[in-house]
Amino acid sequence: MEPDAASRLPAGARLGPYRLGALLGRGGMGTVYAATVEEERPGLASGDEVALKLLHAHLVGDPDAVVRFLREAELGRTVRHANVVRTHRVDVIETDDGAWHALAMERVRGQTLRDLLDELGSVPEQLCRHIACEVARGLEAIHACGAMHRDLKPANVLLTPDHAVKVMDLGVARLRDESLRLSQTGAFVGSLRYAAPESLRDGGRGADARVDLHALGVLLYELASGTHPFAAADVSGTLRRILDERPRPLGQLDPQISPLFEELVDALLAKDPAERPPAAAAVREILEQG
């Protein structure tokens, strides 16, 4: 199978019990299609619409990548919450071209926060607050299962036309008590620009669920200002800023930002995890109580 075969499947192609529709996106681990279930499977009825994630062909032979893919399915089935994209099932589909690892997920119509930011330039505070509350609810559910998302960013949050918010892509999530065996070299796994400082030190051994709160702070800063708080010309500059620099307060970039929102985002971006809100529930409560 060619390395990029998953991204070149035609609409209407049949893959196991699924009939493929439009290509929805392509990420580091897989390609996602809209699909319709044509043969009933446990958890899925004929006619159901799903988002079908296919593991990239060049990763099928990588044991770590396959384990991460399967773990995404396991966590996705475990976390049942309105603010987290639900995983229905995982299949290994044998074809003449080889084996496809397929993850069938809830089909959500909407746009990612990355697309929203590209469209608007920046997002009004009131919508930022709504997004923050809903993402915090999703993180509460993920953390309650003993996991960390570890890759929260605008491209991994969906906003529907009626403003429902869904956290997706648990592909690099990690159980809190899990060893680093899935990153055997100690290399960082995730998106560097949204990483917490403690994730980048000592192989991330001191990291806990508060890494997701830091990522939420980066996401909110970027949405509200249209500027990434740690943007730099190169990777080393980004690393230095994440580890050592406190970004400018949001109020200096936009005087319309309220002190409450500015202080919350500043707290989420604290270098020391002990100075951040203690849990996702605390973030939600701060915003709800005003």
Side-chain angles (χ1 to χ4, degrees), residues 27-30 53 64-65 67-87 103 105 113 131-158 165-222 230 239 242-243 265 267-284:
M29 288 194 66
K53 183 174 184 178
D64 286 352
V67 170
R68 285 199 296 271
F69 191 78
L70 295 175
R71 183 181 53 195
E72 178 178 1
E74 181 182 352
L75 285 173
R77 285 196 298 260
T78 301
V79 180
R80 297 296 179 93
H81 193 274
N83 295 114
V84 180
V85 171
R86 181 179 176 183
T87 298
L103 193 65
M105 303 174 292
L113 296 186
I131 290 168
C133 279
E134 299 300 283
V135 170
R137 287 190 176 95
L139 291 177
E140 284 182 70
I142 293 168
H143 296 167
C145 290
M148 301 175 282
H149 188 287
R150 293 203 306 162
D151 198 21
L152 185 68
K153 57 186 178 182
N156 282 343
V157 180
L158 287 165
V165 177
K166 300 267 190 178
V167 177
M168 64 178 180
D169 201 345
L170 298 172
V172 298
R174 192 175 82 197
L175 298 176
R176 283 195 292 267
D177 59 354
E178 184 180 37
S179 73
L180 293 176
R181 63 183 179 276
L182 293 180
S183 182
Q184 294 175 355
T185 64
F188 175 74
V189 178
S191 300
L192 175 64
R193 283 160 54 93
Y194 299 87
E198 64 270 24
S199 297
L200 304 173
R201 300 188 183 103
D202 301 323
R205 289 176 179 81
D208 60 21
R210 289 171 292 184
V211 300
D212 291 336
L213 302 187
H214 184 277
L216 177 58
V218 178
L219 181 152
L220 294 175
Y221 191 106
E222 191 173 10
F230 305 114
L239 277 169
I242 291 171
L243 292 170
V265 172
L268 289 168
L269 293 177
K271 303 301 181 188
D272 182 352
E275 296 178 5
R276 296 175 205 148
V283 176
R284 174 180 52 79

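Here, residue 1 is the first one in the sequence, and each next residue gets the next number. Worth knowing before you read on, the calculation uses all heavy atoms, side chains too, and leaves out hydrogens, waters and symmetry mates.
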Can you check whether [Y]'s main-chain N or O pairs, donor with acceptor, with [X]'s side chain at less than 3.5 Å?
{"X": "Asp212", "Y": "Arg150", "result": "yes"}
{"X": "Arg284", "Y": "Ala136", "result": "no"}
{"X": "His149", "Y": "Met168", "result": "yes"}

- Item | Under-4.0 Å salt bridge between Arg68 and Glu74 | no
- Message: Between Glu140 and Arg137 (salt bridge meaning N to carboxylate O under 4.0 Å), is one present in this structure?
- Response: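 Here Glu140 does not pair with Arg137 in a salt bridge, since their nearest N and O are not under 4.0 Å apart.
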Quick one: pull up [atom1] in [X] and [atom2] in [Y] and give me the separation to the nearest 0.5 Å.
{"X": "Asp169", "Y": "Lys153", "atom1": "CG", "atom2": "NZ", "result": "7.0 Å"}
{"X": "Leu103", "Y": "Leu70", "atom1": "CG", "atom2": "CG", "result": "9.0 Å"}
{"X": "Phe230", "Y": "Leu192", "atom1": "CZ", "atom2": "CG", "result": "11.0 Å"}

For [X] and [Y], work out which heavy atoms get closest and say how close.
{"X": "Ser191", "Y": "Asp151", "result": "OG-OD1, 2.6 Å"}
{"X": "Cys145", "Y": "Thr78", "result": "SG-CG2, 3.6 Å"}
{"X": "His214", "Y": "Ala195", "result": "CE1-O, 3.4 Å"}
{"X": "Met29", "Y": "Ala65", "result": "CE-O, 3.3 Å"}
{"X": "Leu243", "Y": "Pro197", "result": "CD2-O, 3.8 Å"}
{"X": "Ala196", "Y": "Arg276", "result": "CB-NH2, 4.0 Å"}

A side-chain contact here means heavy atoms from C-beta on lying under 4.5 Å apart; do [X] and [Y] qualify?
{"X": "Arg193", "Y": "Glu222", "answer": "yes"}
{"X": "Leu219", "Y": "Leu113", "answer": "yes"}
{"X": "Val135", "Y": "Asn83", "answer": "no"}
{"X": "Pro278", "Y": "Arg210", "answer": "no"}
{"X": "Met148", "Y": "Val211", "answer": "yes"}
{"X": "Val218", "Y": "Leu268", "answer": "no"}

- Go through the steps for Leu152 and Tyr194 under the test side chain to side chain contact (heavy atoms under 4.5 Å, CB included), then give the verdict. CA-CA 7 Å; Leu152 185 68; Tyr194 299 87; over 6 Å; no
- Query: Val84 and Lys166: side chain to side chain contact (heavy atoms under 4.5 Å, CB included), yes or no, with the steps?
  - Reply: CA-CA 5 Å; Val84 180; Lys166 300 267 190 178; over 6 Å; no
- Step by step, would you call Leu200 with Leu239 a side chain to side chain contact (heavy atoms under 4.5 Å, CB included)? CA-CA 8 Å; Leu200 304 173; Leu239 277 169; 3.6 Å; yes
- Worked check of side chain to side chain contact (heavy atoms under 4.5 Å, CB included) between Leu170 and Ile142: CA-CA 9 Å; Leu170 298 172; Ile142 293 168; 3.9 Å; yes
